[in-house]
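Written out below as structure tokens is the structure these notes cover.
All chains are named by letter (A, B, ...) in the order of the sequence lines, taking the proteins before the strands, and each is independently numbered beginning at 1.
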Amino acid sequence: MASAEDVKQGFMLSKNQRAGLLSFLSAQGILVFFLISMLAFSLFSEQFLSQSNIMTVVRQASIIGIIAVGVTVVIIGGNLDLSVGSMLSFSTVLVVDLHDKIGPTNAILVMFAMTLLIGAVNGFLIGFMRLNSLIVTLAMLSAIQGLVLIYSGGQNVDIANQGDTWFAFFGRDYVAGIAVPVLLFGLLAVIVQVVMSFTGYGRRIFAIGGNPVAAVYSGIRKNWCVFSTYLISAFCVACAALVLGSRVMGSQNNVGQGYELLVLAGIILGGTSLLGGAGSIWKTVIGVLILGFIQNGLLLMGYPYYAQWLVTWVIIILAVWLDLAYKRKHLFTTHS
Amino acid sequence: MTAMTQNAEARPVLELVDITKRFPGVVALNKVSFDVRPGEVHALLGENGAGKSTLMKVLAGKHRPNGGKIILEDEERVFDTPKEAKRSGIVLIHQEQSLVPEMSVAENIFLGSTPRKWGNRVDWKRLHADSTEILERLKCDFSSRDLVSSLSIAKKQMVEIARALVFTPKIVVFDEPTASLTDHEKPVLYDVIRNLQAQGVGIVYISHRMDEIFQLSQRISVLRDGEYTGTVNTAETDEESVTQMMIGRSLELDHASKPSEFGGPMLEVRGLTVKGVCSDVSFTVRKGEIVGMYGLVGAGRSEVAETIFGLRHYTAGEIRLDGQVVDFRSTHDAVTSGIALVPEDRKDQGLVLGMNCRDNMTLAGLSTVSSFGFMKSRDERAVYDRYQQAMKIKSPSWRQRVGNLSGGNQQKIVIGKWLHTHPRLLILDEPTRGIDVGSKAEIHALIKELARSGYAVLVISSEMPEVLGVSNRIIAMYDGRVTAEFDADNVGEDQLVQAITGMTGSTPQAAGAVV
Ligand SMILES: Nc1ncnc2c1ncn2[C@@H]1O[C@H](COP(=O)(O)OP(=O)(O)OP(=O)(O)O)[C@@H](O)[C@H]1O
Ligand SMILES: [Mg+2]
């Protein structure tokens, strides 16, 4: 059995210089890495740095980005949300299916209400019943996927008259030359960042993630706060479903599959720690964009889809390792 | 005292020469020299933030010094990691506990040096046998198989000490080992120290309690603001001159008089019973009054405080706050009703170590420094500055991570955090744990001043001088029950000791007689 001390010591074995390099890399590493890979990709593909390609990448990344904004709040509060993938499937199928049945406005309202309800279930189980967030949201991941299949009867859904519905606005339109999904992503990111860094609510979430016991001893209503982070996460998923449904105008009943991991990947790449109590939305925005560019670059270089996944995850594990190595050093020895 | 004369001439086993250590914004140690002789207890003194813990962490390989030499047995050494230092026979018992709560006592004692069988498997039998043997030497009444998370803070401290006894080390550093021990457990620790001494081990002893230092040590070295101010033989000095060395002037005693004008009852506890914790506890704290709660660790004092604060639910009895019956479902309700609790354990319950000083200070009173949910950073700064000055908190800036402050300064942040909420009832659980003599007097004066301005104050303490010095009345607890109640100005020490060890008559004296 490897004891905790052994683990600590392993990390501390680093001599000063190596530790210095580590901390430099983990502080700057993501950006350095980003620039190098951008350079490499642009050597291999002329398209890569073209304006239209960049716009495409950003637009594609915005769905993951919108969800990641919400999940970042959950993670700062010291929990996880893995259910966002099938929540996205659920919400997209729901809004697309209801569009023709009850009209776009009602469809959107019902979809938001149902998504928030699922968020509330997560929040109740984790915030009030104090169940482990990993297990609850993992269970919800499967349960909601089942719900989608029951709802759709296994059929794919689509909008019959795709030409003339204002529902197209969210996924396909541009405002002032910027794609609406990108605008939505930017708007959400700014609002949530402001809430997290300038309000008492944000302060409480950071405190809960940093030391839940001390937060309770400070008179913070931990259960309500944790509950609310899952509502925020669900709200972001609903926004993402709006964009996704509007863009594809039809939906397979597993469109969201794998999104939970991509979202997590973006957050980790940005450098928000999974331990809670630290992180920011800006970091997540950067992480999500990096992820988007890496995948796009690999695609342009002609790698098949599955190779992208492999490379993406190697990079992510590297990022987590750097993050941990840096943390250990700070927790158990000092910067000199 | 023969040990002292024997070793006065002995060559030091360990010498620290001109150690310098800088942190961003702080010079924690500036060319500090220090040595330890075999078989001596060398006390290290200094105010909060003077650099004591830092010096010892440099010695134990936790910090790399920016300058200076470590010489162990005439050989210059560089320790890159705590493990290397430990292998060379240097053991540090930390000020802040560093146990793994999810592991058993035995696993914690042998962390990093677990006995193995062939195939690299843990030798559980030997692990527990060896641990039990060490625990017996320490007269501990818990088992090596207990989970650390189930132990009280004092027992955790004993486990921390047990770790040092795994090997026979050359140097053992005790960094405020008694901060969470009561008078009951201290003699056991002293025995351990004298035992190590007899085996020729060099001991470094850090404490803010002068009586311990004079009882145990042969030499005393003093640090002030990261500078070495000198070493003296304990036999040739006294408390006053040591204090003079520490703070550069003589100690201003706590001259503030106790509050004397009381209003109506603020807190009335009647027949309070929490299953397995306390039973039939009754007492009153009036407006403007300071009530001390004295007892051994485990007597149920902290638990009573937690119950009042809404952290535990009571099964019988009644709590009244300013006449109203209250039963808080959450700490939030307690805080909004004007109760403050400075908790027992600053690291786990009091602070978010990763947050900065200012944010920790305002965490319990966020609504007072925000409008429409938005933080007013100027107000927040004002709060921080106010308590930073009132308690002379040593920190390079408000942005410093609280986890990087010295232990005593962290404690001051917790106190400031709760004073800032302007409570009607202030409960302090071991408020001056780890705080130096000078600041202690200041904090006591602060508490009295608050009471005089109308706060009701309940001070839980294991230190007799503290309860006697600050409180108007003293409630003694033993085994979850209130055993006696005294007027603090007319009580003998032995009366108090009897009351907290359960040797007194079971009928509490009438509180009325005290008034
Ligand atoms: N990891 C760190 N990062 C930054 N500053 C630090 C760190 N550790 C200690 N310091 C600073 O170094 C100074 C000395 O701290 P140290 O913990 O050695 O004090 P101390 O003498 O042990 O005090 P106390 O009696 O309160 O325990 C303090 O000003 C503290 O803020
Ligand atoms: Mg210290």
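Judged by distance alone, with hydrogens and angles left aside, the side-chain atoms of B/Q400 form no donor-acceptor pair with the main-chain N or O of B/C357 at under 3.5 Å. Using modelled atom types, no side-chain atom of B/D359 and backbone atom of B/M355 make a donor-acceptor pair closer than 3.5 Å. A donor-acceptor pair is defined here as one N or O able to donate and one able to accept, closer than 3.5 Å; no such pair exists between the side chain of A/N79 and the backbone of A/I75. Panel note: side chain B/E160, backbone B/I93; no donor-acceptor pair is recorded below 3.5 Å.
Only the side chain of B/V335 comes within less than 4.5 Å of a heavy atom in chain A; its backbone stays farther off. Neither the backbone nor the side chain of B/T336 comes within less than 4.5 Å of any heavy atom of chain A. B/E380 touches chain A through its side chain: at least one heavy atom from C-beta onward sits under 4.5 Å away, while N, CA, C and O do not. If you measure heavy-atom distances from B/D348 to chain A, the contacts under 4.5 Å come from the backbone alone. For B/K417, the part sitting under 4.5 Å from any heavy atom of chain A is the side chain, from C-beta outward, and nothing else. Only the side chain of B/L311 has a heavy atom closer than 4.5 Å to any heavy atom of chain A. If you measure heavy-atom distances from B/F372 to chain A, you find no contacts under 4.5 Å at all.
Counting non-hydrogen atoms of other residues, nucleotides and ligands closer than 6.0 Å to CZ of A/F235 gives a total of 12 or fewer.
Per-residue counts of heavy-atom pairs under 4.5 Å with chain B were compared for A/G277, A/A214, A/S197; the largest is that of A/A214. Listed options B/L351, B/I339, B/L341 were ranked by heavy-atom pairs under 4.5 angstrom with chain A; first place goes to B/L351. Of all the listed residues (A/G202, A/G200, A/P212, A/G210), the one sharing the greatest number of non-hydrogen pairs under 4.5 Å with chain B is A/G200.
No option in A/D81, A/T284, A/T229, A/T272 other than A/T284 meets the side-chain hydrogen bond (donor to acceptor under 3.5 Å, both in side chains) test with A/T72.
Remark: B/R126 fails to qualify as a cation-pi partner of B/W124 under the 6.0 Å distance and 45° angle criteria applied to the six-membered ring.
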